[in-house]
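Hydrogens, waters and symmetry mates play no part in the numbers below; they use all other heavy atoms, side chains included.
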There are 4 protein chains.
Amino acid sequence: MAKLSSTARGVYIIAATPFDDAGRLDLESTSRLCDWYLEHGVDGMTILGQMGEAPKLLPEESARFVRHVLDHLKGRIPVIVGVTAPGLGAMKHLADIAMEAGAAGVMVAAPGTLRTDESIEGYFGQVAKLLGPDTPWVLQDFPLSGTAQITAKLIRRVADAAENCVMLKHEDWPGLDKITALRRMEAEGARRLSILTGNGGLFLPLELGRGADGAMTGFAFPEMLVGVCRLMAAGEADAAMDLFDTYLPLVRYEQQPGIGLPARKYILAKRGAIASPALRAPAPPLSAETKADLDWLIERLDRRLAKARG
Amino acid sequence: MAKLSSTARGVYIIAATPFDDAGRLDLESTSRLCDWYLEHGVDGMTILGQMGEAPKLLPEESARFVRHVLDHLKGRIPVIVGVTAPGLGAMKHLADIAMEAGAAGVMVAAPGTLRTDESIEGYFGQVAKLLGPDTPWVLQDFPLSGTAQITAKLIRRVADAAENCVMLKHEDWPGLDKITALRRMEAEGARRLSILTGNGGLFLPLELGRGADGAMTGFAFPEMLVGVCRLMAAGEADAAMDLFDTYLPLVRYEQQPGIGLPARKYILAKRGAIASPALRAPAPPLSAETKADLDWLIERLDRRLAKARG
Amino acid sequence: MAKLSSTARGVYIIAATPFDDAGRLDLESTSRLCDWYLEHGVDGMTILGQMGEAPKLLPEESARFVRHVLDHLKGRIPVIVGVTAPGLGAMKHLADIAMEAGAAGVMVAAPGTLRTDESIEGYFGQVAKLLGPDTPWVLQDFPLSGTAQITAKLIRRVADAAENCVMLKHEDWPGLDKITALRRMEAEGARRLSILTGNGGLFLPLELGRGADGAMTGFAFPEMLVGVCRLMAAGEADAAMDLFDTYLPLVRYEQQPGIGLPARKYILAKRGAIASPALRAPAPPLSAETKADLDWLIERLDRRLAKARG
Amino acid sequence: MAKLSSTARGVYIIAATPFDDAGRLDLESTSRLCDWYLEHGVDGMTILGQMGEAPKLLPEESARFVRHVLDHLKGRIPVIVGVTAPGLGAMKHLADIAMEAGAAGVMVAAPGTLRTDESIEGYFGQVAKLLGPDTPWVLQDFPLSGTAQITAKLIRRVADAAENCVMLKHEDWPGLDKITALRRMEAEGARRLSILTGNGGLFLPLELGRGADGAMTGFAFPEMLVGVCRLMAAGEADAAMDLFDTYLPLVRYEQQPGIGLPARKYILAKRGAIASPALRAPAPPLSAETKADLDWLIERLDRRLAKARG
């Protein structure tokens, strides 16, 4: 399998981790979900991200899940594995398992306890060295979730010091000007980074307009993410925005903190991509009213799509 | 002027505080902005909220601004005045000025340093007593901005202990189930509270569907907020949602933390409601790219509205 | 081995987890450290707390370490095992290993993402049920480290709902009045909880004066903790305070966030209790100046102790 | 009155703001407190810091208090005025009042909402320019209180860009290595900054050992701060530490967040320096148990001092 590089583009869907109603890993649903993402046109997959409930898996479960996904996909699309851990030893351990099983690269966030540029730079320096030249890695910048606050200049410094850092998972908020700032530094001579954006996709067409290369998020309608990226790449900005706006009511609903993940699993189960919407405990339940909201929003979406199709 | 009561409904627009380019209070624009809000159909106004840059005004400026707005409006719509302050003495001071000048009530948030139910309950108990029976007040629940985290049960306890607490400014996030919980307690016998929702309006029709009475936010197209509230009140949920979705791309853009306020002032100035989009320092500037984003989103909105009108 | 109960008293030392210079678990030092703690008179031990770098151990390492300590101690003193984990499944898994190996009980903190009384109560309710009647547990209240903020009333509610909750690890700051409040509730009829205090021991004699039963902290001179608890139990408050004050300069130094743990391991190695002061990465290094500070403070302590002995 | 410069040394006591039991400014006590500080040998005074309950004063009260203190002191010692405010206009306003009344300089902290080096640097750049060349200012670095996190390198960058920045109020925690880092940069050629340390004095002799020039804190026994600074300046490190350790139990007690200020006012009133220990609402009350703790600690201190005197 080709390794991840700074030319990566398109939609790297953040995959849910399917459990059965008793909270056990559901590997059958995992296979089905991989196929379903492929059918919807994604360019890559990211597993064991925060949306994948990674901290709730035991290490042997993480290893089993990583190997199952990579075996099932057989190299049809590149896979990135989230390996953030409280100890660098555990991070390296999972990264090695992932790369050996055929992952294209790994993703790492900095702990929120690192509160200064120097400590963040030092942390990623250790990460880069430990991973080594053969493991490309993605810097995840997601301060809303409690990870470190990182400026555009600091991302640049980290990337300049570590050739194996090839991609930025961008989900600072607000973050549009950060993309512009990073692309400007590249225009002035800096090495290129691939930039894929998160935040549930809430600003996707605008982020692409600022120079992002695609999306890395887990929106439960990946076909929209794929369509928007293709239209923007084709220079059809207004058509991209029209497509995006059709799904925006659901994007907005999924982006609520805490509720987002159970809402996504509810929709994935409803669409037949996984068998159960179960999360591992502790997890916030979805109220009956929230399910009714989602059902109504999906019904309205279906009507709009039918109408657009004529 | 009638005092605020728990039957209040509709749109209480959060008003910007207009400054000139040198950062001085612009009272001429203030008058113009009041008229503009009235023309767009708002049911009430809230001044000196966080969007009103209240902490950046000197007390004598706050007093002057409050009196100017109330003089200008001449009781045509009720006005709520934000009076949150680090000291309860300063809070009471501004509340007295506001009520004497003809305000309908005042709004108070709890400092984020209060981290337990008991300290929050104690704080609002002091507030209620200090304001006295003739000053109706709004409990502002806005944890994302750094104020205290308050459960539905605690809001209920605060309201049960203080008859002059007549309204909840709801902007917890996620917050839909909180509205449902509060209305359920009322169905079981608790005293009614008016609930107006904030968060930039991002969930307005869904919030109204859960039982909210209206909106209290500063979206720069108040006509949408007014229209959505009227359609929902008339039982036209799908039509309300259609109208809302048309504006959702802009609602979403304005809701970015930090950027929201300069974006709103930019639009208000562009629409002719105020003379200058200036904020008081320190304030984040709007980049040229961000202005271009806003211009494009407004242009797309205008096209959609024209098309809808036929 | 007897199970932990609400009558537990004295010093439950928080044990460091010894690593060699390459970051591997050092089980020989672990045995030596257990003996050293016993020689210094501790009444119990707590392993895999935050000071034990627990999140940096792989699950199989945690299990190996727990079993090694319990095998080595052979029931001479009760051992509590920290089992806090992002997922309740992992928590239960480690708790079962610990109890089977002969632990007296386990310790659990609530994640800082739980920001309301209701969610904290719900979380501990799940914990209590999952652990079951045969596993006594300690509620760890340590908000400074980023865990949830819990009032005295809420601790009471959690304990009243869960008979297997037998102890409070108290390290709120400031926290003296919290002990007084909890003991007052017991005087009015509530079930007794054992209360052991943390915060590096910074307030130990005053906490015992308020009704605490002892200390659970990792100060590198356990003989002081033991002596203070004995003198206070004997009613010798001024003598307890004199002993405490002699060590206070070092207690204060160790209590610095981030530096505390490497400082403790530095002293433990210097005193011969462990072979290497190494921490697992990422970890803040001790500067040469900090080591010189510690050396000076220890030298001054030795002089004072010599003088006191005459 | 001479302006503050980077050669300032010794104890700049952070003054309490005296109120009467009804919460009104007590100017008679203010005069008495100034005299009392002078009698205890302080080298300077800092007013309207966080300990001075500054955010709870109305602007006209701040102005009155500043003028009263400066009139009363008649230039006998330099006075620094805390001018941090949510808006830069209000900051400049109070700074002008202070300098006109004869202050030696002003002190400014950066809001905690500034979370990156660039935004902090930009903020202090605006501050420095607005204050102008004739107003020396102190950069307050106090992240525990919710202000911005600032590295040693960033302090250096701010100071290099602003000649009127002459002093660092150091109260990062842990912070000893930060002093070492700053002095090292000066040894390599950077312009000198005066460094006075806060944090209640908890590390004072060690901070002086690292190169600090003195203390800026409000410990209720200023004679200790003064004595320690003089002994350290005279090269009597062990004698300085002996004096410090005698007071350490009280330093440690006062340093509890929230309780510190009421404890200090309680002691200042007990020692006759102010008429009432009242704080402005909202304020945490001191429990009877806490007062008893303080009384006991003071009694023990008196006994030790008597014994030392022979």
Non-hydrogen atoms of chain D under 4.5 Å away: do they reach the side chain of [X], the backbone, both or neither?
{"X": "C:L206", "result": "side chain"}
{"X": "C:F244", "result": "side chain"}
{"X": "C:T290", "result": "both"}

task: Working to the nearest 0.5 Å, report the span between CZ of D:R300 and CG of C:D245.
output: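 Atom-to-atom, D:R300:CZ and C:D245:CG are 5.0 Å apart.
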query: When rounded to the nearest 0.5 angstrom, what is the spacing between CD in D:Q255 and CD in C:Q255?
result: 9.0 Å
message: I need the minimum non-hydrogen distance between D:R252 and C:L202, along with the two atoms involved.
response: NH1-O, 2.7 Å
- prompt: Can you name the closest pair of heavy atoms from D:Q256 and C:G175 and give their distance?
  reply: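 Scanning both residues completely, I find the closest heavy atoms to be OE1-N, 4.4 Å.
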- prompt: Has C:K153 got more than 12 heavy atoms of other residues, nucleotides or ligands less than 6.0 Å from its NZ?
  reply: no
query: Any side-chain heavy atom of C:W296 sitting closer than 4.5 Å to one from D:D238?
result: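 Yes. Closest side-chain heavy atoms under 4.5 Å.
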